[in-house]
Participant: 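This is the structure I want to talk about, given as structure tokens.
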Amino acid sequence: MNAELDKPITYLKGVGPKKSEYYKKLGIETVYDLLYHFPRRYIDFSSPVAIADAPRDESCVIKAELVKKLSAAVVRSGLSIFKAVLTDGQSDITLVMYNNRFGFEKLVVGREYCLYGKVTGDLVRKEISSPLILDMTSGEAVEPVYQLTEGINQFALRQSVRNALSSLGDFIYEPLPKWVMREYNLCALGYALENIHFPTDMNTCALAKRRLVFDELLTLSLGMRLLKDKSREQSGCVMDKRDISAYYSSLPFELTGAQKRAVSEVTEDMCRQSPMNRLVQGDVGSGKTAVAAGAAYFAYLNGFQTAMMAPTEILASQHYETLSRFLEPLGVKCALLTGSLTPKKKQALKDEIEAGEYSVVVGTHALVQESTRFKRLGLVITDEQHRFGVRQRAALSDKGENPHKLVMSATPIPRTLALMIYGDLDLSILDELPAGRKKIETYAVTGKLRERAFGFVKGELDKGRQAYIVCPMIDENEAVELANVKSYAKELSEGFFSGYQIGLLHGKLKPDKKEKVMRNFKDKKTDILVTTTVVEVGVDVPNATCMVIENADRFGLSQLHQLRGRVGRGEYSSYCILITDNVNEDSRKRLKILSKTSDGFAISEEDLKLRGPGDFFGARQHGLPKMKIADMSEDIDVLKQAQHCAAEILRRDEKLKSPENKGLKELIDRLFAQSISES
Ligand code: ADP
Ligand code: MG
């Protein structure tokens, strides 16, 4: 992009230092920023609705002829009301304007106007007050509507964008190679920027939008691919093919086809000259840990150590238990590095790790990364790293020894999105559950059946089982939220579940307290765990057989699916009861999907369709740069085209060195620089 466009916004007529401060609140500092501050929506004056069809409680455009002006009424000093009658040939409507003598006097009887606003009233008498009025002779059919901030109104913003386009529009240069524009049928960037702001009609607007969405997604795809190739450059700890059949035969079960495939993909990766960067993605219970153990065993046979990192202590100790159960019989020594060790013991353990006495070290991210030194680290396994971002992954690969990296994620993500979020990783998908897994019986009920649901839970508790009761975020305010969960737990323990032991888990607990609550539940010191969604991350308590989720409609389907994955981990039949008082048809339909299917990928596809990508992209956990115009769920077709195009561009010009790709390179730098400065 040309430097001319990076001029400060004050370059524009009518934007002084004061205005520029307001613009800054919108994230607009340069002319470029302004041009990329796209309208939120448009008012399309070219497709008016009939007055009789005007929707309730929603602004719309009507087109009508001014029939007569009614006399102005001064209600009291400071308030005068002006009224006029208009007709669209079928119905009449009364236009009401307040304190706007000037605007009212400009209106001409017999002329046709477009009005944009809310139509109120009943079947007989319709009214529209203080609408946006467009004289049909002005020729403008579509008006952009922008996100605003204090000190800047629609009119001023439009004016600034117009100024920017007319004074600097000639400096907008085309970043895309010609062949890309031809092949993907894209309009020029200059045209797109002009028409995203001031389209002559909605078709032009769609053309402009497609171009800009394409740019954004192409830039993202290219950036992610370059990141991946960057990590490819360096050589890692190259391993040799070794026979791991001893591992297979020592397991108490037969690995699924998907698990075997993943293990062989992983071991092949580790034999390459460049470090592995692989994501193993699989539904809860698909057996990711067994894949990880296979990889660790392979590294062991090659004389390398493995570090496994989990987000919490409890998960770390869980992984440690599993890994040592699988691997110790094969002579692989495993260690658990936790914060609860005394400093002395911790130091002793660290010394032993450094001396190479352990082949597998499990711990939390902090512990393992911090100060632990390895004798010969060859493989780093990270659990649930989807909570990390792209940038953290890149940072990790910048670390000295350059071990192979394996990431495990239990969040099934539709493939297209996974390609985007994990564009820098290779993907192994565990799309098969071990045989004999019991389905979690899932029911969606209203609050009227709460007592019955609790009664059912009681039945399970009396059989010696345990239960989770999940309260969702119902209040944005954390303090209120905490009070809610606390009083809810108190109510249960004094009421319906008096006599049972209840634990309370929430995000505000200190880590060691949290661990303790979880530990008590795991050790069966508590019968019920009342919890917020912090329980979501991979905790394994096989004796827990039921889960009740309050306000279930507040969650995404994928999240509900993850949550219910906390039960059904043992030999017993398991149940999940979703409680919601939202009788909305869509919400019921959504929850029904969970009763019907237990395929996490299918559920995430549904979620994407029904709710948009908010669930995956909501908290920006993925660390991707923020999109200005692209919506990864709606623009899935363009996303595919952009990915295809990115692959083709890099096939022709691996490092984007050729002059025709200079513009693209600048776009990438701009997008990723922004994401780094924001996080
Ligand atoms: P995930 O981490 O993918 O949710 P885990 O690795 O925790 O799943 O495995 C869940 C449970 O299934 C564990 O108890 C594990 O021992 C068991 N398991 C793993 N693979 C198989 C298999 N192929 N057949 C039977 N059980 C398995
Ligand atoms: Mg797991």
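Ligands are counted one by one from 1 in listed order, and the atoms in each one are counted from 1 as well.
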Participant: For L251, is the nearest heavy atom under 4.0 Å from an atom of ligand 1?
Facilitator: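 No heavy atom of L251 comes that close to ligand 1.
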
Participant: Show the atoms of ligand 1 that are less than 4.0 angstrom away from any heavy atom in T289.
Facilitator: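 Counting from 1, the qualifying ligand atoms are 2 (O), 5 (P), 6 (O), 7 (O).
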
Participant: Using modelled atom types only, decide if a donor and an acceptor are shared between the side chain of Q643 and the backbone of S221 within a distance under 3.5 Å.
Facilitator: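 No.
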
Participant: Pull out every atom of ligand 1 sitting under 4.0 Å from any heavy atom of L255, numbered as shown with elements.
Facilitator: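 With L255 as reference, the close atoms of ligand 1 come out as 23 (N).
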
Participant: Side chain, backbone, both or neither: which applies to E254 and ligand 1 if a contact is any heavy-atom pair less than 4.0 Å apart?
Facilitator: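 Only the backbone of E254 comes within reach of ligand 1.
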
Participant: Ligand 1 and G287, any nitrogen or oxygen pair closer than 3.5 angstrom?
Facilitator: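 Yes, there is a polar N/O contact under 3.5 Å.
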
Participant: Is it true that the side chains of D243 and Y248 contain a donor and an acceptor less than 3.5 Å apart?
Facilitator: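 Short answer, no.
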
Participant: Compute whether any side-chain donor of one residue and acceptor of the other, for S587 and D553, lie under 3.5 angstrom apart.
Facilitator: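 No, because no side-chain N or O of S587 sits under 3.5 Å from a partner of the opposite role on D553.
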
Participant: Measure the distances from the heavy atoms of S286 to every atom of ligand 1 and state whether one is below 4.0 angstrom.
Facilitator: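 True for this residue.
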
Participant: Taking NZ, NE, NH1 and NH2 as the nitrogens, is one of them in K522 or E515 under 4.0 Å from a carboxylate oxygen of the other?
Facilitator: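 So K522 does not pair with E515 through a salt bridge.
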
Participant: Evaluate the side-chain proximity of L504 to Y488: yes if any heavy-atom separation is below 4.5 Å, no if none is.
Facilitator: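 With C-beta onward as the side chain, the pair stays apart.
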
Participant: For ligand 1, which atoms sit closer than 4.0 Å to a heavy atom of T256?
Facilitator: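 Ligand 1 atoms under the 4.0 Å threshold to T256: 23 (N).
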
Participant: D283 heavy atoms, cut-off 4.0 Å: which ligand 1 atoms fall inside?
Facilitator: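 Here the atoms of ligand 1 in question are 3 (O).
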
Participant: Does L330 reach the side chain of Y297, with side-chain heavy atoms less than 4.5 Å apart?
Facilitator: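 L330 reaches Y297 side chain to side chain.
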
